[in-house]
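The structure appears below as structure tokens.
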Amino acid sequence: MSTPSTPAEFERFSAGPWPATPQQAIALQNQLRPLARVEDPGPDQVYTVAGIDVAYRTDDDVIAAAAVVLDAETLAPLETATAHGRAAFPYQPGLLAFRELPAIAAALEKLTIPPDLLICDGSGLAHPRRFGLACHLGVLLDLPTIGVAKTPVGPYRMPDPPRGSWTEIRDDDGVVGRALRTRENVKPVFVSVGHRTNLTTACAHVLRLCRHRLPETTRRADHLARHALANSPSGESVPPTTRAQP
DNA sequence: GCGACAG
DNA sequence: ATCTTGTCGC
């Protein structure tokens, strides 16, 4: 999935240098936020769905990102790709994207099948500055994205037990996501829009992708990332990534 | 000052 | 994220 020409590639580079401090990272989020389209109709046809995830190693800061493409109809795997890297930022709540994004983008660029939709492991609008990983990836890659987080960003009411039940997740200014029950009586997932779709459509997609609690896209990407990390070149042979100051 | 805080 | 044993249920 090389994303050449077009606005997409342009925006990636116009986004400026990699932030060196959390303050710069926050400024960049605030700058990019208006570019996220969070009430779009969503893509007309979704034939292929991609998922991404990252696995970490604690001794060094080597990480592995995995991307998978599934047939949206059958959920059969069509293509996979991985990329090694190093955590590009110290983890801080609200700045996850800066930690994982370079490795994820590297994995996505190895795909040859262009996904019609990307499911992200983390949040989109449900974020302190309404610009989580899913928004960031969506804007930079010009791809419809959905954020599916395993833990909530703020307080939420527990949805009813049946699969498909949901409750709203709000911030001070309005609705930013839903706690969505993807399996009966199992802890919900936390869905928010990333880019070029809307919340109702996003939840419908997530529900279709869920055989278990988490979408098949992220489950497959999770397994693949772990596997890739286990077989990863250790330490010196992993390409360095620009790191930021704490 | 204290607790919360995607992965 | 990651470190971890057993356990309940389809």
Side-chain angles (χ1 to χ4, degrees), chain A residues 22 25-26 29 32-33 36 38 51-67 82-105 107 118-139 145-156 161-163 169-172 176-195 199 202 206 210-215 217-219 221-230 232 234 238 241 243-244 246:
Chain A
I26 289 171
Q29 289 179 329
L32 293 176
R33 180 178 51 232
V38 298
I52 49 96
D53 195 21
V54 175
Y56 289 75
R57 184 193 280 158
T58 37
D59 23 336
D60 45 28
D61 52 355
V62 172
I63 65 177
T82 62
H84 299 290
R86 326 188 86 110
F89 218 84
Y91 176 73
Q92 290 171 51
L95 299 181
L96 174 67
F98 295 95
R99 196 165 164 72
E100 303 191 336
L101 201 142
I104 293 172
L118 175 63
I119 308 298
C120 303
D121 187 41
S123 53
L125 263 190
H127 175 273
R129 286 167 296 282
R130 291 194 170 197
F131 198 75
L133 174 66
C135 301
H136 206 143
L137 276 170
V139 167
T145 58
I146 297 171
V148 180
K150 294 182 284 294
T151 60
V153 158
Y156 70 100
R163 171 183 155 99
I169 298 173
R170 314 181 53 99
D171 67 9
D172 293 334
V176 293
R178 288 181 189 171
L180 176 66
R181 199 78 89 159
T182 55
R183 291 208 66 177
E184 183 171 324
N185 264 331
V186 171
K187 176 182 176 179
V189 298
F190 306 88
V191 179
S192 56
V193 169
H195 185 52
L199 187 53
V206 170
C210 285
R211 294 216 233 273
H212 302 281
R213 179 184 175 230
L214 294 176
T217 40
T218 65
R219 298 184 83 230
D222 182 287
H223 292 156
L224 184 56
R226 284 180 209 270
H227 195 87
L229 188 64
S232 95
S234 48
V238 174
T241 310
R243 289 212 49 142

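Below, chains carry the letters A, B, ... as their sequence lines are ordered, and counting in each starts from 1.
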Quick one, [X] and [Y] - any side-chain contact, counting heavy atoms below 4.5 Å?
X        : Y        : result
A/Thr151 : A/Lys187 : yes
A/Thr145 : A/Leu118 : yes
A/Arg129 : A/Leu95  : yes

Residue pair A/Glu100 / A/Tyr56, side-chain donor-acceptor N/O under 3.5 Å: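 Side chains of A/Glu100 and A/Tyr56: pair found under 3.5 Å.
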
Sugar-phosphate, base or nothing in reach of A/Arg226, heavy atoms under 4.0 Å: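 If one applies the 4.0 Å heavy-atom cut-off, A/Arg226 turns out to touch the sugar-phosphate alone, with no base involved.
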
Parallel, tilted or perpendicular: ring planes of A/Phe98 versus A/His136, cut at 30 and 60 degrees: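 Ring orientation of A/Phe98 relative to A/His136: perpendicular.
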
Nucleotides 2-7 of chain B: protein proximity per nucleotide (B base, S sugar-phosphate only, - neither; heavy atom, under 4.0 Å): ---BBB

Residue whose nearest DNA chain C nucleotide is more 5′ - A/Ala55 or A/Arg183: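 On the 5' side of the pair lies A/Ala55.
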
